[in-house]
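Report on the structure given below.
Start at 1 and go down the list; that is how both ligands and their atoms are numbered.
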Amino acid sequence: MATAIATDKVIGTSAAQQKVNLLGLSAVKMSDFFASIGEKPFRSQQVMKWIHHLGVSDFAEMTNLSKALRDKLQEIACVEAPVVIEQHDSKDGTRKWLMQLSGGNCIETVFIPDNGRGTLCVSSQIGCSLDCSFCATGKQGFNRDLTTDEIVGQVWLAAKSFGTLAPKVPRKITNVVLMGMGEPLLNFDNVVDAVNIMMDDFGYGLSKRRVTLSTSGVVPELDRLGDYTDVSLAVSLHAPNDALRNELVPINKKYPIAMLLDSVKRYLDGLPDTHRKATIEYTLIGNVNDRPEHARELAQLLRDVPCKINLIPFNPFSGSGYESVTQQALSTFQNILIKAGYTATVRSTRGDDIAAACGQLAGQVNDRTRRSERYAQRV
Ligand code: SAH
Ligand code: SF4
């Protein structure tokens, strides 16, 4: 079901563009901002609470700030999220938003409820430059990086749509995964700030185990990630050897499997707590990487990597040229890994009816943009 959302903003022409968008400031940057206007550091915590705990974007409502400060903020700052153009609700409870950014392009954000857990899947770029052969986002090409406020804005808007940014309302979003459109490590600075806001007590207060960054393996950036954050890590492996991975994930030609897994181990070793594991994502594609010998090779490859394995049945999209995995191939693959001592789970396909499953997030940028422009002209 699609719902068009009313908005009073004219897309892409916000007068607030010149202002500092406080939605995207990490705790440190927020303190620096208040210091730069001669205010005490505790203003930063007050304002972060208004924005991220209570969902307030109008400075006039921030009643524990002096009138003079509220007026000043109105002049030089703003709290502005992307514009929700459409909301789709799947019959399984999955909800997908199409959000428009300045410049006119759209991104997709998905909420997946599951047994008391609520996982929000957010995008980090418009499109992706890495061109994995089985990924709809990759096929769409790369447009630009998202800003920190655009990444955090997805969480803010989703929480607001559930009415959970209010005092004493239980949180519906318990986990955030950077598994939407884009390669997070290629938008390093903005992603690091965004995950740190998600994990900040004055932000969304999510624990580091509940915020997961998924990467296809940009090794130099992964090597410096631990200097900035201790977010949980998921690695898109998809193949147990370089020959096959080169075909599926072209960045493997630059940073092959051995180099990637060494970098993953270094990241885990650098974390303060000893029992953290990486999630190895393995998209199973029919007759490509789903044979029993692939499972055995994978079990051997990962023997000294602290990890659990998440098997993702390939989600077909038109023109992909690949087939789905059969139920039998999937369970044989999973059983081989389990017998080898791994925790190997299968990611259930959710939100299929609204094209919200893994790898289906393409946004059909051009079509959608045209539709959104027509919509914007109406409001
Ligand atoms: N760029 C990052 C994060 C976004 S992709 C990465 O590649 O890790 C999120 C996950 O969805 C990745 O594991 C990706 O390989 C997987 N994926 C992409 N296309 C898919 C498809 N068509 N079917 C199933 N999984 C897919
Ligand atoms: Fe980019 Fe990830 Fe898709 Fe590869 S799988 S093209 S890295 S979004």
Review point. Which option, Thr283, Leu178, Asn310, Leu284, owns the non-hydrogen atom nearest atom 24 (C) of ligand 1?
Key: Thr283

Review point. So is His238 in contact with ligand 1, going by heavy-atom distances below 4.0 Å?
Key: yes

**Study point:** Lys139 atom NZ: more than 12 heavy-atom contacts under 6.0 Å
**Key:** yes

Study note, to complete from the structure: ring-ring contact (aromatic ring centres under 6.0 Å, His included) filter on Phe202, not counting sequence neighbours, yields none

Point to revise | Protein contact to atom 2 (Fe) of ligand 2 [nearest heavy atom, distance to 0.1 Å] | key: Gly182 O, 4.5 Å

Practice item. Could you list the residues that satisfy salt bridge (Lys or Arg N to Asp or Glu O under 4.0 Å) with Lys277, not counting sequence neighbours? Key: none

Review point. Salt-bridged, Arg245 to Asp242, with N to O below 4.0 Å?
Key: no

Exercise for review: Under 4.0 Å from a heavy atom of Gly180: give me the atoms of ligand 1 that qualify, with their elements.
Suggested key: 4 (C)

Review point. In terms of atom number and element, which parts of ligand 1 are under 4.0 angstrom from non-hydrogen atoms of Glu281?
Key: 10 (C), 12 (C), 13 (O)

**Study point:** Atom indices of ligand 1 within 4.0 angstrom of Phe314 heavy atoms, with elements
**Key:** 21 (C), 22 (N), 23 (N), 24 (C)

**Study point:** Pairwise distance OG1(Thr119) to CZ(Phe111) - rounded to 0.5 angstrom
**Key:** 7.5 Å

Practice item. Could you please give the number of protein N/O/S atoms within less than 2.8 Å of atom 4 (Fe) of ligand 2? Key: 1

Review point. Is there a side-chain contact (heavy atoms from CB on, under 4.5 Å) between Asp290 and Thr332 once you walk through the steps?
Key: CA-CA 9 Å; Asp290 62 343; Thr332 306; over 6 Å; no

**Study point:** CG on Asn315 to SG on Cys135, rounded to 0.5 Å
**Key:** 10.5 Å

**Study point:** Partner residues of Lys67 under the side chain to side chain donor-acceptor pair (under 3.5 Å) criterion, sequence neighbours left out
**Key:** Asp71

**Study point:** Gly182 to ligand 1, any heavy atom closer than 4.0 Å
**Key:** yes

**Study point:** Ionic contact status for Lys96 with Asp89, cut-off 4.0 Å
**Key:** no

Check your understanding: Is the ring centre of Phe134 less than 6.0 Å from the ring centre of His238?
Key -> yes

Review point. Does one hydrophobic cluster hold both Leu23 and Val28, with members joined at side-chain heavy-atom distances below 4.5 Å?
Key: no

Check your understanding: Considering only heavy atoms of Ser236, which atoms of ligand 1 have at least one such atom less than 4.0 Å away?
Key -> 6 (C), 7 (O), 8 (O), 12 (C), 13 (O), 15 (O)

Review point. Of the backbone atoms (N, CA, C, O) and the side-chain heavy atoms from C-beta on, which set of Thr215 has a member under 4.0 Å from an atom of ligand 1: side chain, backbone, both, or neither?
Key: backbone

**Study point:** Per-atom contacts of ligand 1 with Cys135, taking only distances under 4.0 Å to non-hydrogen atoms
**Key:** 18 (C), 19 (N)

